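Remarks on the structure that follows.
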Amino acid sequence: MLRFLTDRINLCKFLFTLIVVLSLLLNFYQFDSNPPGLYIDEVSIGVNAYSILKTGKDEYGEMYPVYFKSLNDYKLPVYIYLASISMYFFGKNDFAVRFPSAFFGTLAVILIYCLINELLIKNKFNFSRDNKKYPLLTSFLLAVSPWFLQFVGPAFEVTVAFSLLIISVYLILISQRKSNISVFVMGLFLLVVTAYTYHSYKIFIPTILIYLLIKLIKQHKVSKQNTVRIILTVLFFIPVIYSYLIPTANIRFFQTSAFSSLSVNDAIIFIKNYISYFSTDFLFSFGDGINRHQFLNFGPLARWMLPFMLIGLFTLFRTHKSYLRSTILAVLLIAPIPASLALPSPHTLRSLTIVLAYVSAIAYGILIGLHKFKNKNKLYTTIISFLFIYEFSIYLHYGFFHYPKVSLMDWGGNYKEVVEKASLLSRQYKYIVIDMKSPFVLEYFRFYNEDLKPLVIKPGWKKDNNDQNDRILVITDDKTGQTPASEKFIGNVYLTNINRDIFAQFWEL
Amino acid sequence: MIIKKIYLLTFLALTIIYMSRWFSCTNFKPEYHLSFNYLKLASDNLIHNDINVPFILIRIYHNKITLFLTSLYTSYLLFWDIKFLSSLFMFSGLLGIFAGFLYGYLDIIRKWSLKLIIGAMLLFPAIEFILNPKINFALKISIYSMPYVLFSIFGYNKLIERYKGYKIYIILIVVLFISVWGQMYLPNDFKNFCS
């Protein structure tokens with residue numbers, strides 16, 4: 001055992017395995033039930049994925065679409081197709097919808113290790129022994145970063161896109177080192193897939209490619225091989241560029257755009273949004289204020305990370321130009337651009353890529369400190385470990401004890417229980433009518449029990465003369481009793497929060 | 001040299017002009033100050049969710065010391081927040097502060113005057129958070145801003161020293177122009193931070 005631990009390479013592998021196991025635990029433990037319930041976007045993904053799996057059509061009957069109309073937001077296709085594969089294995093349930101996100105989230109932790117390793121090789125980085133520590137530390141910090149963890153459990157497309165981005169950059173770097181064009185093509189293909197996974201990347205990737213092109217030209221590195229690569233890149237990205245011209249592909253952009261009408265003052269709005277991604281207030285204290293994106297009292301990054309982030313960024317800004325430095329700074333400065341075009345801003349989901357730069361900088365900062373305190377290594381490591389363990393344990397406490405109770409309504413409430421109760425009662429009634437405020441309630445019925453075909457009624461609805469002798473089940477979220485069905489009370493569905501508030505009521509008409 | 005002086009004077013004049021908008025406030029917003037009542041309420045609010053949680057864990061995670069430290073950290077960071085600083089000193093002031101830290105850190109180590117300025121920059125927010133001195137807000141914000149403005153000018157000096165030539169002036173003029181434009185477009189931005 002001692003021999004094993006003293007062998008540096010084995011120790012490295014051992015630690016990496018531990019990180020992957022930790023990541024698996026954090027990403028998969030209770031991930032289908034916490035966050036509590038599927039949010040409407042997740043449900044819509046589930047409905048479309050299942051429809052694709054069974055019929056090859058989306059819920060509107062279109063064969064294998066590239067853009068899913070979904071909730072009129074025209075979702076990108078990759079996550080939905082992945083969820084349909086997941087549903088093939090696990091069935092139509094919450095687990096299957098969220099599985100791709102958790103899987104790719106874990107993959108990202110592994111991939112960032114490989115990517116940083118590759119960058120260090122390119123860098124001829126002289127961190128001596130820390131050449132092994134740096135990728136490990138970055139991978140670990142990503143695995144435990146609240147920003148990343150928040151989006152790994154639920155079915156967020158961005159997690160898949162994030163992992164695909166890392167793997168494509170990794171492949172492109174390898175292809176450059178080994179002069180292997182087929183690996184380059186594979187990386188390029190995955191880069192295009194990334195752009196079709198999450199909207200932000202349709203802006204992020206072309207921007208970073210333009211940055212790389214400018215860099216190549218500036219460094220006079222436009223060799224014959226690079227020219228071939230540039231041409232291939234342009235060819236691969238024709239569909240992405242073409243998608244800017246398709247109105248349906250851009251609906252989501254216009255729905256969330258920060259600019260109501262194009263004017264010169266939009267530049268100020270953009271700058272204001274952009275700098276908000278570097279706000280300490282946003283990063284370490286309050287986050288973006290959307291409960292689906294954070295735990296109450298936690299920012300996207302842990303508080304203890306701040307000094308190391310500052311040291312890391314400061315050192316990176318000052319060090320000589322290198323691959324590692326350019327990559328981290330490029331991600332840091334380019335990642336907020338797509339998110340700054342939209343509202344609300346700052347937005348942790350749309351800017352997830354920036355976490356790559358932040359965790360790399362934090363890891364860098366920690367290692368710089370380790371060098372500075374060479375003689376007090378043990379004390380330094382103990383202090384960092386204590387800070388990490390204390391804050392992370394508080395984070396987990398909030399995550400498992402507080403979050404499921406306080407964020408119920410942000411995740412859609414208890415629609416699953418409503419559908420289950422309606423399914424149990426449905427046989428006794430001719431049909432079910434729904435009198436609920438949510439415009440998307442039917443999507444939950446389609447996902448949890450598509451055999452039930454409830455009718456959504458409007459205020460003032462009355463029972464049809466033909467149905468006078470039939471029993472009708474009315475589901476309502478109006479707790480005042482002023483419903484068209486206030487004839488016979490059947491039961492409530494309660495929220496699983498502390499007060500056990502009523503979420504929905506069942507009445508017989 | 002003359003261009004540098006003109007630029008720095010313009011920057012200083014514009015910063016003072018736009019900062020004077022803050023004089024209409026009476027104090028920073030409540031979140032910038034320590035409140036024991038708030039801490040107690042926050043603590044009570046948090047433990048409501050801890051049903052079936054061992055008492056020892058509740059004591060470890062939701063005690064007043066942790067809450068106080070978290071509150072101190074959060075409020076202290078508010079004074080260093082990029083949105084707050086860019087509203088008070090404009091984007092151009094922010095650039096100066098950034099350049100000061102980036103290119104002037106060796107001077108900070110060597111010179112006492114700079115150490116004093118940095119010390120004031122670090123200390124003033126803590127004083128405001130804990131003591132909330134009851135003095136005229138115009139005076140308070142002027143005293144509070146002084147080290148930042150001085151450090152910003154120092155930062156510009158370092159920046160101009162490092163990037164010699166006319167290009168840097170063009171960039172700085174553009175930054176100043178955007179800063180003024182930002183202040184004109186968002187004239188009430190400061191009300192997010194003071195009342």
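Letters A, B, ... mirror the listed sequences (proteins, then strands); counts begin at 1. This one's a predicted model, so the numbers in the text were calculated from it and none came from an experiment.
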Would you say the ring centers of Phe101(B) and Phe317(A) fall short of 6.0 Å from each other?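 No: the rings miss the under 6.0 Å criterion.
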Give, as side chain, backbone, both or neither, the part of [X] having an atom under 4.5 angstrom from any heavy atom of chain A.
{"X": "Phe79(B)", "value": "neither"}
{"X": "Leu102(B)", "value": "both"}
{"X": "Ile60(B)", "value": "both"}

Side-chain contact test, heavy atoms from C-beta onward, threshold under 4.5 Å: evaluate it for [X] versus [Y] and give yes or no.
{"X": "Asp50(B)", "Y": "His402(A)", "value": "yes"}
{"X": "Phe84(B)", "Y": "Asp281(A)", "value": "no"}
{"X": "Leu283(A)", "Y": "Leu77(B)", "value": "no"}
{"X": "Ile268(A)", "Y": "Ile178(B)", "value": "yes"}
{"X": "Tyr395(A)", "Y": "Tyr61(B)", "value": "no"}
{"X": "Val406(A)", "Y": "Asn49(B)", "value": "yes"}
{"X": "Thr280(A)", "Y": "Ile82(B)", "value": "no"}
{"X": "Ile269(A)", "Y": "Tyr185(B)", "value": "yes"}

With a sphere of 6.0 Å drawn around [atom1] of [X], does it hold more than 12 non-hydrogen atoms of other residues, nucleotides or ligands?
{"X": "Ile65(B)", "atom1": "CD1", "result": "no"}
{"X": "Tyr29(A)", "atom1": "OH", "result": "no"}
{"X": "Phe68(B)", "atom1": "CZ", "result": "yes"}
{"X": "Lys376(A)", "atom1": "NZ", "result": "no"}
{"X": "Ile56(B)", "atom1": "CD1", "result": "no"}
{"X": "Phe373(A)", "atom1": "CZ", "result": "no"}
{"X": "Lys29(B)", "atom1": "NZ", "result": "yes"}

I need the [X] [atom1] to [Y] [atom2] distance, nearest 0.5 Å.
{"X": "Tyr105(B)", "Y": "Arg318(A)", "atom1": "OH", "atom2": "CZ", "answer": "4.0 Å"}
{"X": "Ser393(A)", "Y": "Leu57(B)", "atom1": "OG", "atom2": "CG", "answer": "8.5 Å"}
{"X": "Tyr398(A)", "Y": "His62(B)", "atom1": "OH", "atom2": "NE2", "answer": "5.0 Å"}

I'd like to know if the side chain of Thr66(B) pairs up with that of Tyr390(A) as donor and acceptor (distance under 3.5 Å, no hydrogens or angles considered). yes
Least distance between heavy atoms, Lys272(A) atom then Leu186(B) atom: CD-CD1, 3.2 Å
If we define contacts as heavy-atom pairs under 4.5 Å, which of Thr70(B), Leu46(B), Ile51(B) has the most with chain A? Leu46(B)
Is chain B contacted by the side chain of Asn497(A), its backbone, both, or neither, given a heavy-atom distance below 4.5 Å? neither
Between Phe284(A) and Thr74(B), does a side chain to side chain contact (heavy atoms under 4.5 Å, CB included) hold up when you go through it step by step? CA-CA 8 Å; Phe284(A) 299 98; Thr74(B) 307; over 6 Å; no
Tyr73(B) side chain to Arg303(A) backbone, donor-acceptor under 3.5 Å: yes
